[in-house]
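Computed from heavy atoms alone, side chains included, the values below leave out hydrogens, waters and symmetry copies. So that the names make sense, note that chain A is the first sequence line, chain B the second, and so on, each numbered from 1. Values in this document were obtained by computation on a predicted structure and should not be read as measured data.
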Amino acid sequence: MTKEKNNKPSKELPLGFVDRQEKELLVRDFIISNIKEVMIKYGFQYLETPSFEYSDSIGKFLPDKERPDEGVFSFKDENKWLSLRYDLTAPLARYVAKNYLEIPKPFKRYQLGTVWRNEKPGPGRFREFLQFDADYVGTKSLQADAELCVMISEILEKCGLAKSEYIIKISSRKITEELFKKINIKDNQQRLTALRALDKIDRLGWIGVKELLGGGRYDNLVNNFGNYDAPATGISIGIDRLVYALMQKKEFKVKQSKPVVICVFDKNSMKDYIEVQTILRKAGVSTEIYPGESKLKKQMEYANKIKSPVVILYGENEIKLGKPTLRNLSTGEEKSIEIKELVNEIKKII
RNA sequence: GCAGCAGUAGCUCAGUUGGUUAGAGCACUAGUUUGUGGAACUAGGGGUCGGUGGUUCGAAUCCACCCUGCUGUACCA
């Protein structure tokens, strides 16, 4: 940690929190739009619950300790403990219990939201991350579990993962119990060890995209809030891990059109620049007038830095002729263009 | 949580018998070019060498503790 001089505020981030930049966010948005599309197709309801819940609502109140368990971020508000949610399943259970009489049974809902965990962060593991959750509440039918698998697979493929790049693993306690009987493992410790070994084999086998998502049945969770018969099953994806997985793929690129930059030669010609900008923006072309008054060279450097495809040079002479000059920033080529033809010419380059 | 390794400029790193004012490349800023970016050249800014304490005439360098990061391992609603 760098010590700041003169009491200036620290520019460091709290442990386990990160800034996320455009490149990553675009991939994230892409994933989210795919998720929403699939969820609508499968008939799930969209839900949002608050970031904070009462600590005991999400199973984090320990009566004998004076404060909620570690693992969550909490504070005391008027004698009640509040915690930031650590997943989306516990809030769902709370929501279902609260609205039990009104909601359809079974209840299918999906949710996208940030969750927080007060744990030691590791590589690719932060204290704040975006999670996606889809659940069936109120059905014991294995049809629900099966549909979740199909659905998740559709989402992954839509996001650009080929069938060969992911594996959906299904496990059931019933199956493992049978297995244990066969090979004669009775001791509890031995079972745990065996289960972990299985889990580890799974993770190591899944190269590139590991621990990416999880799910399962939690038939009793809603019941904790009262006497509700609400067997449930669900699945969650750590969106950020999926983002990371997709970014690993070379061919994967999300396009984002960067603005055309109109250079400023003379503040007094601003109305001419604005005119051009308006024409382009109306045509849906991302455009901006250089935000400042620097020399042309600085303006070119700026355009280059933001990866602008084209710069428009509209100086005194060009304005007289009504013909701005277009400079293609990837080729360096320049062309004098009639204003009427601007949009067409630029669209060719973009 | 436990163990191993690491921390010098925004980034990647040089810097050993402990010795003037701590270096390089890239990046950044300004200029060479007051209408032209990606190249070159010139100049400049930026570090209490992760922190605190100790040893010493003298510490980036040696010692102790702490913080942070990486790796492995344990745990995890």
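For the P atoms, the distance from B:C49 to B:U20 is 15 Å, rounded to whole Å. With C1' as the reference atom, B:U16 and B:U61 are 8 Å apart, rounded to whole Å. On the P atoms, B:A22 is 34 Å away from B:G38, given to the nearest whole Å. Using atom C1' as the reference point in both B:C26 and B:G69, the two lie 23 Å apart (nearest Å). When the C1' atom is used for both B:G7 and B:A60, the distance is 12 Å, rounded to whole Å. Remark: the separation of the C1' atoms in B:C75 and B:G1 is 8 Å, to the nearest Å. Taking the C1' atom of each, B:A39 and B:U32 are spaced 14 Å apart, rounded to whole Å. The P atoms of B:C28 and B:C11 are separated by 15 Å, rounded to the nearest whole Å.
The partner of B:C75 cannot be assigned: no Watson-Crick or G-U wobble pair with both contacts below 3.5 Å exists in any strand. Across the strands present, B:G45 finds no partner; the criterion is a Watson-Crick or G-U wobble pair with both atom distances under 3.5 angstrom. B:C26 is paired with B:G10 under the criterion used here, namely a Watson-Crick or G-U wobble arrangement in which both key atom distances are under 3.5 Å. Nucleotide B:G35 is matched to nothing when pairs are restricted to Watson-Crick or G-U wobble geometry with both distances under 3.5 angstrom.
Rounded to whole angstrom, the span from the CG atom of A:Leu92 across to the P atom of B:A77 amounts to 18 Å.
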Base-contact (B) and sugar-phosphate-only (S) positions in nucleotides 33-43 of chain B, heavy-atom cut-off under 4.0 Å, - elsewhere: --BBBB-----
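Comparing A:Asp87 and A:Lys305 by the nucleotide of RNA chain B whose heavy atom lies nearest to each, the residue mapping closer to the 5' end is A:Lys305.
Shown here are the side-chain contact (heavy atoms from CB on, under 4.5 Å) partners of A:Val343, two or more places apart in sequence or in another chain: A:Ile279, A:Leu280, A:Ala283, A:Lys347.
Using modelled atom types, one finds a donor on one side chain and an acceptor on the other under 3.5 Å when comparing A:Glu147 with A:Tyr136. Side-chain N/O atoms of A:Gln299 and A:Ser294 include no donor and acceptor closer than 3.5 Å. Checking A:Gln111 against A:Thr49 by side-chain atom types alone, a donor-acceptor pair falls below 3.5 Å.
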A:Asp240 and A:Arg20: CA distance, side-chain angles, deciding distance, salt bridge (charged side-chain N to carboxylate O under 4.0 Å, His left out) verdict: CA-CA 10 Å; A:Asp240 300 307; A:Arg20 299 182 192 279; 3.7 Å; yes
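Here A:Glu128 does not pair with A:Arg117 in a salt bridge; the nearest charged N to carboxylate O distance is not below 4.0 Å.
Between the CZ atom of A:Phe265 and the CG atom of A:Leu296 there is a distance of 4.5 Å, given to the nearest 0.5 Å.
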